[in-house]
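One structure is given below, encoded as structure tokens.
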2 protein chains.
Amino acid sequence: MSPARTPPGDGGPRVTIRTVAAAAGVSTSTVSRVFSHPHLLRASTVERITALAAELGYVPHHAARALSTGRLGTIGVVVPDIANPFFPPVIRAAQARAADDGVSTLLADTDESAEREADLLRTLSWRTDGVVLVSSRLPDDDVRALAARRHVVLVNRDVDGVTRVLLDTAVGMAQAVDHLADRGHRRLAYVGGPAPSWSDDTRRAAVLARAAERSVDVVDLGAHRPEHDVGLALAPALVASGATAAIAFDDVLAQGVLAGLLAAGVDVPGDVSVVGCDDILAVRTVPPLTTIHGPSDEAGAVAVELLLRLVHREPGTGSAERVVLPAELVVRSTTGPAPRC
Amino acid sequence: MSPARTPPGDGGPRVTIRTVAAAAGVSTSTVSRVFSHPHLLRASTVERITALAAELGYVPHHAARALSTGRLGTIGVVVPDIANPFFPPVIRAAQARAADDGVSTLLADTDESAEREADLLRTLSWRTDGVVLVSSRLPDDDVRALAARRHVVLVNRDVDGVTRVLLDTAVGMAQAVDHLADRGHRRLAYVGGPAPSWSDDTRRAAVLARAAERSVDVVDLGAHRPEHDVGLALAPALVASGATAAIAFDDVLAQGVLAGLLAAGVDVPGDVSVVGCDDILAVRTVPPLTTIHGPSDEAGAVAVELLLRLVHREPGTGSAERVVLPAELVVRSTTGPAPRC
DNA sequence: CTGAAAGCGCTAACAT
DNA sequence: ATGTTAGCGCTTTCAG
């Protein structure tokens, strides 16, 4: 086990493909092939060179490879906010899927700012073969323009003409309405999320549609930033609305509402039922939150898969795919029968 | 505004430094210098070439530059679990600090596995100039070995001989003990975190030390994975211990304990006070959690700063620094006077 | 202040 | 199944 060598401690000139070739008495191309297309070589050769390379402490030079192949072997994953618990599973799955193909991922956080997102994308374009844009805050046209110049896959954003992976929470929202209607609720409130957002639009629409079918009233409590405080502040309005159940845009908002309700002495689910979305908080609320769970990890993996396909396919090939993954209701303890009046 | 061009839609050959040089009637070296050492050129030249380059849609080629300079312009940030809310602020600050120097960050998640961490570090070493290891799960010796071969800065891990940035929660822990002692608590419980961990060792030690000074009893409730469920399951033991207050290794554990206590009908802080650590949950618990807040973002930034210094300094220079940032108690609503017996 | 030329380490035709 | 030979796009001495 002689130590591999790299920057610190210097330790003489770098071990390159050439060093190894010389030591093995073969040409550099053979060594190169050992690491890129081993199937083109005799097994014994591959084995011998691999061992020798390891012994010499040879480490492939990423930049050099990238320069010759024109492929960086790195993709970008851009999210609005790492700290938002919705994203980590997506990110993790994306990284894992990329790693399977030996591709590294550059993770970028836009801090919820479209401007910063644009900046970041500019920087990323120097260093990546393509980008997965999760819940992009960019205007549709900007997204299309970007996709025209770079390989892009969207997650949780539905822009025509751009490859995208969507978590269809509409299914779950409809289930939530059914769930509540089945338990006697006749009037429910929708606590909306960010105004210009695909997620909120589809969620609200799904609630309204299914509620209409079930002849349940819906009070629209407006569009809001998905933050705990906001939900908390909304509790009084919810109570005033006369609704016996609330469906919130996401779990954070729902948790806020929950806290507000408890603070106001309203029993959940005795007096009011609450449903969240995204299953971000799992059972960490008190009581555990009924919510809508989608395969966000799968979304990340699929997005990377599609991206890698784009990267490897020659330009112009294939049209923008649109993958929809269904999200479903998970009943926990914040929903129950409507209070008898 | 002619559009920059990159992979998709092909669009002819890449715009290189050569294209720009030809168009400007200068040599490639001049163009190169415009982007790397503009101060060596006449201002007017710089301006002219910059404008021209922008117009032609020239984008520097990262890999090529890396190959020439031997510096990748990328650092790695390795965390055990992106989804753990303690890390995002660290990551974000690290990225921001790196971006200030035009350095990209490769984020890797080890999924709490030392083995996977080792794997990842191997991969990262091909593609980065150095690594920030946050809360590494690697054995001390492995960390030292790594640091001998690569530029490494540790966060939240104290290994002798390796540059590191520590959040000294011991200060906060002592404050917590004082806070409780001042309010009449004579017997408190420490709910420990992961067994082989610098954080847990120092926290526990700090609690014991200050408690001894204040003649307060401490019941050690053991070492545990910092998860909600675990904390929840520990509530009965806490009650049985007769302690009137619990200090937990971190907020997640504290929140679990809180939930378990509430479930058991124990009033917080009426009957039992609870203190967390890391200020991960902010005011999102009910009631809002008293905890210990440290500048984790600063830790991330400082770590990157130190790393970049290592990267740019020639080998062998400077000895391993040890930066300690103090974390302090934040009193919220889960602590109060000891119940009168 | 700017140009010319020699690579950085690797891959990819093209030969053999 | 391997060797030969050009570069990939950029930086960087060394000259001028």
Side-chain angles (χ1 to χ4, degrees), chain A residues 4-7 12-50 52-53 56-74 102 125-127 129 312 314, chain B residues 4-7 12-50 52-53 56-74 102 125-127 129:
Chain A
R5 55 186 33 156
T6 349
R14 184 178 235 287
V15 177
T16 79
I17 208 179
R18 213 129 35 206
T19 325
V20 179
V26 299
S27 77
T28 56
S29 13
T30 300
V31 180
S32 167
R33 283 192 268 257
V34 166
F35 291 93
S36 5
H37 311 290
H39 58 276
L40 295 179
L41 265 30
R42 200 190 302 141
S44 64
T45 315
V46 174
E47 197 173 350
R48 189 166 59 90
I49 309 275
T50 309
L52 186 56
L56 292 170
Y58 166 73
V59 176
H61 192 291
H62 161 250
R65 177 180 299 200
L67 183 56
S68 334
T69 58
R71 228 187 268 69
L72 274 356
T74 302
S125 77
W126 303 6
R127 333 181 87 110
D129 296 323
H312 288 105
E314 286 320 300
Chain B
R5 57 186 32 159
T6 349
R14 185 177 234 288
V15 177
T16 80
I17 209 179
R18 215 132 29 210
T19 325
V20 179
V26 299
S27 77
T28 56
S29 8
T30 301
V31 179
S32 168
R33 284 194 266 258
V34 166
F35 291 93
S36 4
H37 310 292
H39 58 277
L40 295 179
L41 265 29
R42 199 190 302 143
S44 64
T45 315
V46 173
E47 197 174 349
R48 190 166 59 90
I49 309 275
T50 309
L52 187 55
L56 292 170
Y58 167 73
V59 176
H61 192 290
H62 161 250
R65 175 179 302 198
L67 183 55
S68 310
T69 59
R71 228 193 266 53
L72 272 2
T74 302
S125 77
W126 303 5
R127 333 182 87 110
D129 296 323

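To find a chain, count down the sequence lines: A is the first, B the second, and so on, and within it residues start at 1.
The shortest distance between the side-chain N/O atoms of A:Ser27 and the OP1/OP2 oxygens of D:dT2 is not below 4.0 Å.
Residue B:Ser32 is in base contact, counting any heavy-atom pair closer than 4.0 Å across all strands shown. Using a 4.0 Å heavy-atom criterion, one finds that A:His37 contacts the sugar-phosphate atoms exclusively. A:Thr16 comes within contact range of the sugar-phosphate backbone alone, with a heavy-atom separation under 4.0 Å but no base atom that close. Looking at heavy-atom distances under 4.0 Å, A:Val31 makes no contact with the nucleic acid at all.
Mapping B:Thr30 and B:Thr69 onto DNA chain C by nearest heavy atom places B:Thr30 at the nucleotide closer to the 5' end. Judged by closest nucleotide on DNA chain D, A:Ala64 is the one of A:Ala64 and B:Arg65 placed further toward the 5' end.
Distance CZ (B:Arg33) to P (D:dC10): 15 Å, rounded to an integer number of Å. Across the protein-nucleic acid pair, A:His39 atom NE2 and D:dT2 atom C1' stand 14 Å apart, rounded to whole Å. Remark: P of D:dC10 and CG of B:Leu72 are 16 Å apart, rounded to the nearest angstrom. One can place CG of B:Leu67 at 4 Å from C1' of C:dC8, the figure rounded to the nearest angstrom. Across the protein-nucleic acid pair, A:Leu40 atom CG and D:dG3 atom P stand 14 Å apart, rounded to whole Å. The distance from atom NE2 of B:His61 to atom P of D:dG7 is 17 Å, rounded to the nearest whole Å. A straight line from CZ of A:Arg18 to P of C:dC10 spans 8 Å, rounded to a whole angstrom. B:Phe35 has its CZ atom 17 Å from the C1' atom of D:dT12, to the nearest Å.
The main-chain N or O of B:Ala64 is found under 3.5 Å from a side-chain atom of B:His61 such that the two form a donor-acceptor pair. Distance alone, capped at 3.5 Å, is enough to place a donor-acceptor pair between the A:Thr69 side chain and the A:Arg65 backbone. Not a single donor-acceptor pair under 3.5 Å links the side chain of A:Thr45 to the backbone N or O of A:Leu41. Looking only at distances, a side-chain donor or acceptor of A:Asp129 sits under 3.5 Å from a matching main-chain atom of A:Gly73. Under the 3.5 Å distance criterion, the side-chain polar atoms of B:Ser36 are matched with a main-chain donor or acceptor of B:Ser32.
No hydrogens or angles were tested; on distance alone, a donor-acceptor pair under 3.5 Å links the side chain of B:Ser29 to the base of C:dA4. One cannot find a donor-acceptor pair under 3.5 Å joining the base of C:dG3 and the side-chain atoms of B:Thr28. Remark: the A:Ser68 side chain and the C:dG9 base include a donor-acceptor N/O pair separated by less than 3.5 Å.
Nearest nucleotide to the side chain of B:Arg42, out of D:dT2, C:dG9, C:dC1: C:dC1. In the set C:dC8, D:dT11, C:dT11, the nucleotide with an atom closest to the side chain of B:Ile17 is D:dT11. Taking the side chain of A:Thr45 as heavy atoms from C-beta on, and the options D:dT2, C:dT2, C:dG3, the nearest nucleotide is D:dT2.
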Before giving the answer on side-chain contact (heavy atoms from CB on, under 4.5 Å), spell out for A:Thr74 and A:His62 the whole-Å C-alpha distance, their side-chain angles and the decisive distance to 0.1 Å. CA-CA 10 Å; A:Thr74 302; A:His62 161 250; 4.1 Å; yes
